[in-house]
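Before any comments, here is the structure.
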Amino acid sequence: MDPLTLAAWSFPALLLLIFLRIPIGLAMLAVGLFGSWQVYGSAAPLLNQMKNLAYGQFSTHSLSIVPLFLLMGQFATLGGMSQALFKAAEAFIGHRRGGVGMAAIGACAGFGSICGSSLATAATMGQVALPELKRAGYSGALSSGLLAAGGTLGILIPPSIVLVIYAILAEQNIAKMFAAAFVPGILAALGYMLVINLYVRFSPQSAGQIEPMPWAERWRALAAVWPVLLIFGVVIGGIYTGIFTPTEGAAVGAVATGVLAWQRGGLKGSKLREAFESTASGTAMVFLIVLGAAAYNSFLALSQLPQELAMWVGDQGFSPYQVLWAILIFYLIAGCVMDSLSMILLTIPIFFPMISGLDFGLTPEETAIWFGVLVLIVVEVGLITPPVGMNLFVIQSMAPDIKIRDAYRGVLPFVASDLLRVAVLVAVPAITLFVVRLNP
Amino acid sequence: QNVTLRFHQMLPPQATIPSKAIKPWAEKVEKESGGRIKVQQFNAMALGGKPPELFDQAKDGVVDIIWTVLGYTPGRFPKAEVFELPFLVGDPVAGSKAFQEYVEKNAMDEFKDVKLIAVHVHGPGLIHSKDPVTKLEDLKGMKVRGGSRVINIMLEQLGATPIGMPVPAVGEALSKGVISATTIPWEVVPAVKVQQIVKNHTGFTGSKGLYTQTFAVAMNKASYDKLPADLKKVIDANSGQIAAAMFGQAMADGDKAGLGLAQKGGNNVITLDAAETQRWQRTAAGVRAVWYKEVGDKGIDGPKLAAEAEALIAKYSK
Amino acid sequence: MTHPVYAISRAMAWFGAFVLVLLAAMSVISIAGRALSGLGLGPVPGDFELVEAGTALAVFSFLPWAHLKRGHAVVDLMWRVYPAPMRRMLDILADALMFALWVLLVWRMGVAMLDYRDNGEVTFILQFPVWWGYAASMVPATLGCVVYGWRLLETLGLITPPSGFESAEVVH
Ligand code: NA
Ligand code: NA
């Protein structure tokens with residue numbers, strides 16, 4: 001088989017393995033190694049390539065940001081930050097219509113600003129907010145929908161592991177990617193709050209309210225969240241102003257949240273061990289996929305499929321926006337069943353050369369950053385779209401009394417707000433790019 | 001018989017080496033083979049791995065040909081390393097030719113696992129800084145990015161705080177103050193937009209640069225041995241001095257372009273006078289002592305190799 | 001949880017996280033040193049390469065525990081549709097693939113380690129031999145072979161796993 005045909009066939013082969021529930025990273029590793037072996041025509045070059053494969057990937061400096069951000073999220077939870085954020089938001093808006101739900105979104109956004117992972121945000125905030133939402137009379141559909149959507153703020157608002165991986169693949173500056181993602185992330189949070197407001201208007205029986213809190217209590221609740229603001233300011237501010245590199249920023253964040261958790265008595269015995277084990281599982285999950293993607297992407301490059309495909313797209317005379325929309329829609333569809341990180345690792349090496357060859361009236365760097373933020377949003381939608389929406393599963397695992405069908409129904413309005421936001425950001429690149437343009 | 005050779009390297013396709021040296025070299029090889037050799041260029045580590053692994057990728061046949069920075073694998077090429085000593089190399093064409101002959105005479109054992117196409121150097125390395133560097137003392141305590149092991153030792157000797165980072169990180173680090181100066185040749189300046197970020201550039205009287213880095217183009221032995229005799233001839237005809245000069249020339253042209261950009265931007269291009277240059281050379285000479293001792297421990301006669309390198313550079317600089 | 005394979009995997013996960021904490025602390029010290037370079041302080045020498053080698057060590061230490069916990073990303077959309085014998089076969093396939101590929105990778109990694117030992121390559125700043133980093137990671141990587149092999153035997157039904165780990169339910 002010639003390399004191009006082989007590479008084309010590797011996609012269905014990979015999907016088949018994935019649908020047979022072979023771990024995604026393992027499937028990519030197997031298909032990638034097998035493909036390279038075929039293209040080389042002998043085992044020797046492949047065996048030599050494998051010498052550095054695992055250690056080389058695991059010792060990549062820019063990737064060390066991933067476990068550090070995961071650790072930071074764990075420490076933030078142990079420090080009671082998720083609880084404090086929710087309490088503060090609830091104190092101020094809980095008595096309004098849809099207020100407890102909006103408070104949960106606000107707390108998700110706050111937690112997202114010190115946590116790089118969507119699943120961790122969904123899990124942490126779910127733990128804190130689900131009982132409160134239930135007490136305030138929220139329906140299972142609305143509470144699971146809003147918490148699943150709120151969880152995506154974990155990657156939409158920087159820091160963000162998915163964005164780090166994109167930046168590495170597309171050879172972009174991580175600090176600029178974070179800066180660009182910030183405003184769209186805030187828009188996402190506002191959009192979700194608006195959805196809750198409308199939802200409650202049309203279906204008043206889905207949500208109740210709580211008693212207004214005295215102002216003294218409000219200020220006390222707000223005072224408890226200053227460490228979050230401080231840590232976010234130091235980490236993201238430090239990365240953006242270049243006082244430290246993104247990896248160093250993650251280290252600062254991990255140390256700061258660790259100290260906070262220790263000072264608040266959260267680092268005791270079994271709690272700490274659990275946090276360590278979660279960091280271990282999360283990191284291992286990401287790095288197995290990274291390892292598999294490295295093998296698979298070497299094979300694809302070897303076959304020259306990405307170059308040929310980019311050239312083919314260039315020759316067809318599609319308009320840049322047709323190509324962009326085709327890619328975004330592809331992600332939305334794939335996201336129904338695929339995991340966000342695997343999608344990025346699998347497809348950016350193919351799609352990015354296509355996009356960078358097109359003229360959107362932006363500089364090459366702006367195109368790359370803008371495209372990255374758009375991709376971030378559409379793969380994030382995959383976390384909440386049925387049937388495989390990881391965040392929905394996370395929330396549902398915590399509240400087994402909520403039927404998954406109700407969760408699917410409850411999340412759809414939030415998906416709609418995501419789609420609307422994508423359309424706006426495609427139409428007006430400046431929303432994404434203006435922060436980057438402030439500081440060229 | 002038609003052959004496809006995969007050529008792998010770390011830089012993005014628009015950089016000087018891939019666009020002005022590897023591409024013409026590949027086209028020349030393809031043409032002279034009557035189209036029977038096809039060279040597939042893989043840029044920016046597209047085939048996987050990290051830059052320090054490139055040499056082994058050629059050695060092990062993961063790819064057919066590579067271009068690499070020898071300084072990325074410290075300890076592997078102690079004899080070739082002599083060309084990285086401060087104030088040794090100037091013009092990159094003469095330097096590359098001298099380096100090629102030097103390696104063929106003295107250091108082929110370091111390249112015995114590959115079919116060496118050529119080695120080369122870059123143009124005179126100089127300092128690009130936020131605050132002007134007009135004398136040795138200005139360097140004291142300055143956070144300076146150095147590009148290789150030897151350069152970092154040198155910066156320390158000169159009184160600076162060396163900070164190691166890859167070239168792509170330099171622009172960001174400079175503009176944000178993580179470092180306040182960097183050592184690179186003019187050729188690299190446009191790619192990192194250094195001329196926009198800092199306005200002072202300090203070079204030296206005479207032809208010698210502060211330092212240089214060393215590079216190699218290497219082919220997998222088996223990939224070469226497999227070629228029929230006439231295609232081997234094509235590769236041979238594009239190896240050695242011819243290729244070294246070609247890559248050196250690309251560096252020289254790149255230097256001109258970089259310097260031109262800085263001058264057009266009205267930047268402060270400083271040339272230290274002969275007396276000050278001598279002070280730097282004397283201080284940096286300490287690096288030689290360190291280096292002689294290090295390689296001496298490995299049974300290598302450093303002073304002899306350095307003398308040979310200097311003689312060859314003088315020969316080709318005429 | 002007293003089972004040695006499980007206990008060791010778990011302890012390795014803790015160890016890896018502890019390495020991460022050390023790396024984070026070192027980075028903070030390095031930043032502080034760099035910021036105070038006017039006072040004659042400086043960054044931790046070789047912080048870059050320490051983070052690289054340390055992260056690799058941590059990741060290799062994390063993998064076995066994640067595997068035992070079934071922590072890897074999977075798509076189980078169709079899982080309930082598959083008949084039980086097929087599910088069993090697929091579980092065996094996944095565990096066998098993991099074991100086989102990992103043994104292959106660790107074997108090659110060992111070869112790389114010996115190569116680096118022979119060719120004398122050292123790191124950029126600290127100039128410690130590159131093979132040391134490989135050697136450190138070889139320990140958890142080799143333990144990984146044992147754990148994956150053990151898990152395969154369990155899936156094949158030849159060994160009984162400790163309680164709490166018998167099912168192949170997805171945790172994600
Ligand atoms: Na985040
Ligand atoms: Na989905």
Side-chain angles (χ1 to χ4, degrees), chain A residues 18-27 29-30 33 47-48 50-55 57-61 63-64 67-68 71-72 119 238 243-244 247-248 250-255 258 273 275-277 279-285 287-289 291 337-339 341-342 387-388 390 393-394, chain C residues 10 12-14 16-18 20-21 23-28 30-31 35 48 51-67 69 71-79 82 87 90-91 93-94 97-98 101 104-106 108-109 111-112 115 133-134 137 141 170-172:
Chain A
I18 290 174
F19 276 96
L20 292 177
R21 215 184 69 163
I22 306 296
I24 296 170
L26 194 57
L29 184 64
L33 293 179
L47 288 174
N48 285 325
M50 288 172 75
K51 290 200 297 192
N52 302 108
L53 188 60
Y55 188 84
Q57 287 299 316
F58 296 170
S59 65
T60 303
H61 189 261
L63 280 173
S64 59
L68 290 172
L71 190 65
M72 175 178 168
L119 293 182
I243 296 170
F244 32 76
T247 304
E248 289 172 340
V252 170
V255 169
R273 288 200 295 272
F276 275 7
E277 284 165 27
T279 306
S281 284
T283 303
M285 185 190 95
F287 276 79
L288 184 67
I289 297 175
L291 177 67
V337 292
M338 281 280 287
D339 150 83
L341 198 59
S342 329
V388 181
M390 282 303 163
F393 295 163
V394 168
Chain C
R10 193 178 202 179
M12 273 202 307
W14 296 340
F18 181 67
L20 270 185
V21 172
L23 292 180
M26 182 206 62
S27 294
V28 171
S30 195
I31 296 165
F48 196 87
V51 166
E52 289 197 329
T55 306
L57 178 61
V59 172
F60 279 110
S61 306
F62 290 157
L63 279 160
W65 180 244
H67 183 71
K69 291 272 288 184
H72 289 302
V74 294
V75 171
D76 58 354
L77 183 62
M78 309 287 286
W79 192 245
Y82 302 146
R87 284 195 268 192
L90 290 176
D91 272 340
L93 174 67
L97 200 58
M98 185 77 194
L101 289 183
L104 196 60
L105 279 173
V106 172
R108 298 316 296 168
M109 192 173 145
V111 173
D115 278 2
Y134 273 78
S137 287
V170 201
V171 180
H172 196 96

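For the numbers below, each heavy atom of this structure counts, side chains included, while hydrogens, waters and symmetry mates do not. Note on naming: letters A, B, ... go to the chains in the order of the sequence lines (proteins, then strands), and numbering restarts at 1 for each one.
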> Which atoms of Leu63(A) come close to chain C, meaning under 4.5 Å heavy atom to heavy atom: side chain ones, backbone ones, both, or neither?
Replying inline: neither
> Leu101(C) and Leu29(A): which non-hydrogen atoms are nearest, and at how many Å?
Replying inline: CD1-CD2, 3.8 Å
> Which bit of Met98(C) is near chain A, if near means a heavy-atom gap under 4.5 Å: side chain, backbone, both or neither?
Replying inline: both
>> Under a 4.5 Å cutoff for heavy-atom pairs, which residue among Gly25(A), Ala27(A), Ala30(A), Gly253(A) has the most contacts with chain C?
In response: Ala30(A)
> Using a cut-off of under 4.5 Å for heavy-atom pairs, which of Ala56(C), Ser30(C), Ala58(C), Ala53(C) has the most such pairs with chain A?
Replying inline: Ala56(C)
> Which atoms of Ile289(A) come close to chain C, meaning under 4.5 Å heavy atom to heavy atom: side chain ones, backbone ones, both, or neither?
Replying inline: side chain
> What is the minimum heavy-atom distance between Leu71(A) and Ala254(A), and which atoms define it?
Replying inline: CD2-CB, 4.3 Å
> Can you name the nearest heavy-atom pair linking Ser137(C) to Tyr55(A), along with the distance?
Replying inline: OG-CE1, 3.5 Å
>> Which atoms of Leu47(A) are under 4.5 Å from chain C, going by heavy atoms: the side chain, the backbone, both sets, or neither?
In response: both
> Is the side chain of Thr279(A) donor-acceptor paired with the backbone N or O of Ala275(A) at a distance under 3.5 Å, no angle test?
Replying inline: yes
>> Show the nearest heavy-atom pair for residues Ser64(A) and Val51(C), with the distance to one decimal.
In response: OG-CG1, 3.4 Å
>> If I compare all heavy atoms of Leu23(C) with all of Gly54(C), which pair ends up nearest, and what's the gap?
In response: CD1-C, 3.6 Å
>> Which heavy atom of Val74(C) sits nearest to which heavy atom of Met390(A), and what is that distance?
In response: O-CE, 3.9 Å
> In terms of heavy-atom proximity below 4.5 Å to chain C, should Leu20(A) be classed as side chain, backbone, both, or neither?
Replying inline: both
>> For the CG atom of Leu341(A) and the CZ atom of Phe287(A), what is their distance to the nearest 0.5 Å?
In response: 10.0 Å
> Hey, which of Asn52(A), Leu53(A), Asn48(A) has the most heavy atom pairs under 4.5 Å with chain C?
Replying inline: Asn52(A)
> In terms of heavy-atom proximity below 4.5 Å to chain A, should Leu63(C) be classed as side chain, backbone, both, or neither?
Replying inline: both
> Among Glu248(A), Met50(A), His61(A), which residue forms the greatest number of heavy-atom pairs with chain C at distances under 4.5 Å?
Replying inline: His61(A)
> Is it the side chain or the backbone of Ala54(A) that comes within 4.5 Å of chain C heavy atoms, both, or neither?
Replying inline: both
